[in-house]
Visitor: 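Next up is a structure, given as structure tokens.
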Amino acid sequence: MTTTPHPLVTRAQRLAGDLLLPQAERVDQEGVPASHVEAVKRAGLLGVVAPQEYGGADAPVAVARETAEILAGACCSTWFVQTQHHTPVKLLATYDSPVREKLLRPLAAGQLMAGIAFAHVRAFPQVPVRAVPEEGGWRFEGRVPWYTGWGLNDVMLLAGVTDTAEVVFVFAEAREQPGLRASAPMRLAALTAARTVSLELDGLRIPEGAVVLRTSQEEFAQVDLDRAANASPAVFGVASAALDLVARTPDGEETARSLRARLDEVRRDAYALADRPAAPGCVPERLAVKTRAYDLLRAATTAAIVAGGGRAMDLGSGAQRLAREGMFLLVQGQTAEARRMHLGSLASG
């Protein structure tokens, strides 16, 4: 946590306390409303990592993590919708391209909101979405299994793989159009509220000017592996929110204090590792700490259920919502190596 609250941290805390947390159970059952997204935009939180010259805050990474923890702990569905936005912003800020000048400023200022459609690239050598070059641009064919924020996002960062194993990242409008059709919203055990759909791509045409990056599948996989090995701030946010509930129960204060001390230790370790440049051999160490974070997330949300007793089984219970959100975070952004490490830890524990 930051010592002196950054203005964005203060805004995130106010947003969480005034809006997100009081409405979290209703949103969990009914869906993230557009008004929540507008509130995130007004708070300036969509520009937290964006360059100042494009209207963003260019805040320190500690601030980005802390705001993510706050939002996730208050309403994980709203956090998950808005967190998609930051990857396209980072990509545009990193790579010079024609689409950068068109989109980075409105994305940084919160005038537009972006989603992502590229997790399927991890399935290689399977190719769920194929990118085919054609005159003046690209044609996309296949199926995006998961796309979050449908109906709330304005644009999406879409990726496909070519016949030569090149990954092509482009921007497309996040709406039905010729060559793009969305499924009905998925009913999920957790975060149904985040408006997740699958996308059918049947000849979606994207102009060359909408390309932000072309890279080899091997390079994508290495960068993705290093990034995905880090523990998500949302894990710490949801675990901390669960411990807040435990601490408020008659028998839970000591349990909450003990688990919070362990959670704080793992958070420090996780963020210290994430701040180091990626190096050969760094993934196992990061995954080991990530697995410890999962263990404490599971313990914290279980403690909230136990402390809540039978009331925790009600769909209006915050403890029950946090337990389901914790279950979701166990597989969010999961790679094959992370799954093997986590299963191995569970088997030996």
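Keep in mind that what you see is a predicted model, and the values were worked out from it rather than measured. Counting from 1, the numbers follow the sequence of the chain as shown.
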Visitor: Can you establish whether the number of heavy atoms outside Arg181 located under 6.0 Å from its atom CZ is more than 12?
Guide: no
Visitor: Less than 4.5 Å apart, side chain to side chain, heavy atoms only: is that true for Arg227 and Asp224?
Guide: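 They are in contact (side-chain heavy atoms under 4.5 Å apart), so the answer is yes.
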Visitor: What distance do Glu101 atom CD and Tyr54 atom OH have between them, rounded to the nearest 0.5 Å?
Guide: 3.5 Å
Visitor: State which residue, out of Leu71, Leu152, Leu191, Thr196, fulfils the side chain to side chain contact (heavy atoms under 4.5 Å, CB included) condition with Val81.
Guide: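 Answer after filtering Leu71, Leu152, Leu191, Thr196: Leu152.
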Visitor: Tell me, with the steps shown, if Val155 and Leu107 meet side-chain contact (heavy atoms from CB on, under 4.5 Å).
Guide: CA-CA 9 Å; Val155 295; Leu107 289 173; 4.2 Å; yes
Visitor: Would the number of heavy atoms belonging to other residues, nucleotides or ligands and lying under 6.0 Å from CD of Glu218 be above 12?
Guide: no
Visitor: Might you point out which heavy atoms bring Arg139 and Gly203 nearest each other, and give the distance in Å?
Guide: CG-CA, 3.6 Å
Visitor: Under the side-chain contact (heavy atoms from CB on, under 4.5 Å) rule, what do Phe236 and Leu296 come out as? Steps first, then yes or no, please.
Guide: CA-CA 9 Å; Phe236 302 115; Leu296 283 165; over 6 Å; no
Visitor: Within the structure provided, determine whether Met313 and Ile305 are in side-chain contact (heavy-atom separation under 4.5 Å).
Guide: yes
Visitor: Return the OH to CG distance between Tyr294 and Leu346, rounded to the nearest 0.5 Å.
Guide: 11.5 Å
Visitor: Tell me whether Glu254 is salt-bridged to Arg257, with the criterion being a basic N under 4.0 Å from an acidic carboxylate O.
Guide: yes
Visitor: May I ask you to decide whether Asp264 forms a salt bridge with Arg267, counting only side-chain N to carboxylate O separations under 4.0 Å?
Guide: yes
Visitor: Identify the heavy atoms of Leu8 and Ala59 that sit nearest to each other, and give their distance.
Guide: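 Heavy atoms only, the tightest pair is CD1-CB, 4.3 Å.
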Visitor: Ala303 and Thr255: which non-hydrogen atoms are nearest, and at how many Å?
Guide: CB-CG2, 4.4 Å
Visitor: Working note: Asp58 + Val49, criterion side-chain contact (heavy atoms from CB on, under 4.5 Å); need CA distance, chi angles, decisive distance, verdict.
Guide: CA-CA 5 Å; Asp58 197 17; Val49 300; over 6 Å; no
Visitor: Please examine the side chains of Asp244 and Arg260, heavy atoms only from C-beta on, and report whether any two atoms are closer than 4.5 Å.
Guide: yes
Visitor: Enter the distance from Glu176:CD to Leu180:CG here, rounded to the nearest 0.5 Å.
Guide: 7.0 Å
Visitor: Taking the side chain from Lys41 and the backbone from Met113, do they hold a donor-acceptor pair closer than 3.5 Å?
Guide: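 Flag not set: sc Lys41 to bb Met113 has no pair under 3.5 Å.
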Visitor: Would you please classify the geometry between the Phe220 ring and the Phe169 ring as parallel, tilted or perpendicular, with 30° and 60° separating the classes?
Guide: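 Taking Phe220 first and then Phe169, their aromatic rings sit tilted (interplane angle of 30° to 60°).
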Visitor: Looking at Asn153 and Thr148, would you say the former's side chain and the latter's main chain have a donor-acceptor pair under 3.5 Å?
Guide: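 Checked: pair present.
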Visitor: State, yes or no, whether a side-chain contact exists between Val27 and Pro33 at a heavy-atom distance under 4.5 Å.
Guide: yes
Visitor: Looking only at heavy atoms, what is the nearest atom pair of Val238 and Ala72, with distance?
Guide: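 For Val238 and Ala72, the tightest heavy-atom pair comes out as CG2-O, 3.7 Å.
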Visitor: Could you check Phe124 against Val167 for side-chain contact (heavy atoms from CB on, under 4.5 Å), going step by step and ending with a plain yes or no?
Guide: CA-CA 10 Å; Phe124 191 86; Val167 184; over 6 Å; no
Visitor: Within a radius of less than 6.0 Å around CG of Asp251, do more than 12 heavy atoms belonging to other residues, nucleotides or ligands occur?
Guide: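 For Asp251, atom CG is not crowded (no more than 12 foreign heavy atoms under 6.0 Å).
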Visitor: Does the side chain of Gln82 come within less than 4.5 Å of His36's, by heavy atoms?
Guide: no
Visitor: Please list all pairs meeting side-chain hydrogen bond (donor to acceptor under 3.5 Å, both in side chains) that have one or both residues in residues 308-323, counting only residues at least two apart or in different chains.
Guide: Glu25-Arg321, Gln320-Arg324, Arg321-Glu325
Visitor: Check the hydrophobic clustering (I, L, V, M, F, W, Y; side-chain heavy atoms under 4.5 Å; chains of links allowed) and say if Trp138 and Phe171 are grouped together.
Guide: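 Cluster IDs for Trp138 and Phe171 differ.
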Visitor: Can you tell me how far the CZ atom of Arg175 sits from the CG atom of Asp154, to the nearest 0.5 Å?
Guide: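 Output value for this atom pair is 11.5 Å.
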Visitor: Could you check whether any side-chain heavy atom of Leu201 comes within less than 4.5 Å of a side-chain heavy atom of Leu158, counting everything from C-beta outward?
Guide: yes
Visitor: To the nearest 0.5 Å, tell me how far Arg105 CZ sits from Arg100 CZ.
Guide: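 Going from CZ on Arg105 over to CZ on Arg100, the span is 11.0 Å.
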Visitor: Does Thr249 use its side chain to pair, donor to acceptor, with the backbone of Val246 at less than 3.5 Å?
Guide: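 Yes: the side chain of Thr249 pairs with the backbone of Val246.
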Visitor: Are Asp226 and Arg276 close enough for a salt bridge, meaning some N to O gap below 4.0 Å?
Guide: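 No.
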Visitor: Counting only heavy atoms not in Tyr95 (residues, nucleotides, ligands), do more than 12 fall under 6.0 Å from its OH?
Guide: no
Visitor: Quick one: does His85's side chain have a donor or acceptor within less than 3.5 Å of a partner on Leu46's backbone?
Guide: yes
Visitor: Looking at Arg195 and Val32, would you say the former's side chain and the latter's main chain have a donor-acceptor pair under 3.5 Å?
Guide: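 Pair found, side chain donor or acceptor close to backbone of Val32.
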Visitor: Answer yes or no: is there an ion pair linking Glu265 with Arg268, defined by an N-O contact shorter than 4.0 Å?
Guide: no
Visitor: Check whether any side-chain heavy atom of Val89 lies under 4.5 Å from a side-chain heavy atom of Leu104, and answer yes or no.
Guide: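 In short, these two side chains touch, coming nearer than 4.5 Å.
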Visitor: Is a donor on one side and an acceptor on the other found under 3.5 Å between the side chain of Arg286 and the backbone of Leu273?
Guide: yes
Visitor: At what distance, to the nearest 0.5 angstrom, does CG of Leu263 lie from CG of Leu297?
Guide: 8.5 Å
Visitor: So if you build clusters from Ile, Leu, Val, Met, Phe, Trp, Tyr with side-chain heavy-atom gaps below 4.5 Å, do Phe80 and Trp150 land together?
Guide: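 Per the 4.5 Å side-chain linkage, Phe80 and Trp150 are not co-clustered.
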Visitor: Please answer: with hydrophobic residues joined when any side-chain heavy atoms are less than 4.5 Å apart, are Leu112 and Leu92 in the same cluster?
Guide: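 Yes, Leu112 connects to Leu92 through the hydrophobic network.
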Visitor: Do any N or O atoms from the side chain of His120 and from the backbone of Ala159 form a donor-acceptor pair under 3.5 angstrom?
Guide: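 Here the side-chain-to-backbone pair exists.
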Visitor: Quick check: does any side chain N or O of Gln29 sit under 3.5 Å from a backbone N or O of Arg26, one acting as donor and the other as acceptor?
Guide: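 Checking the backbone N and O of Arg26 against the side chain of Gln29, no donor-acceptor pair under 3.5 Å is found.
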Visitor: Does Thr164 offer a backbone N or O that forms a donor-acceptor pair with the side chain of Glu166 under 3.5 Å?
Guide: no
Visitor: Compare all side-chain heavy atoms of Ser183 with those of Glu200 and state whether any distance is below 4.5 angstrom.
Guide: no
Visitor: Give the cluster check for Val211 versus Val129: same hydrophobic cluster or not, with ILVMFWY residues linked at side-chain heavy-atom distances below 4.5 Å.
Guide: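 In one cluster with Val211: Val129, yes.
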Visitor: Considering non-hydrogen atoms only, spot the tightest contact between Ala293 and Val235 and give its length.
Guide: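 Closest pair (atom of Ala293, atom of Val235, distance): O-CG1, 3.8 Å.
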Visitor: Please report, to 0.1 Å, the donor-acceptor pairs under 3.5 Å made by any side chain of residues 330-341, with sequence neighbours excluded.
Guide:
unit_1	atom_1	unit_2	atom_2	d
Gln334	OE1	Arg339	NH1	3.0
Thr335	OG1	Ala338	N	3.2

Visitor: Mark yes or no for whether Thr302, through its side chain, and Arg298, through its backbone, hold a donor-acceptor pair below 3.5 Å.
Guide: yes
Visitor: What closest approach, in Å, do Ala274 and Arg65 show between heavy atoms, and which atom pair accounts for it?
Guide: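 Looking at all heavy atoms of both residues, the shortest contact is CB-NH2, 3.5 Å.
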Visitor: Side-chain heavy atoms nearer than 4.5 Å, only ILVMFWY residues, links allowed to pass through others: does that put Ile206 and Tyr147 together?
Guide: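 In one cluster with Ile206: Tyr147, yes.
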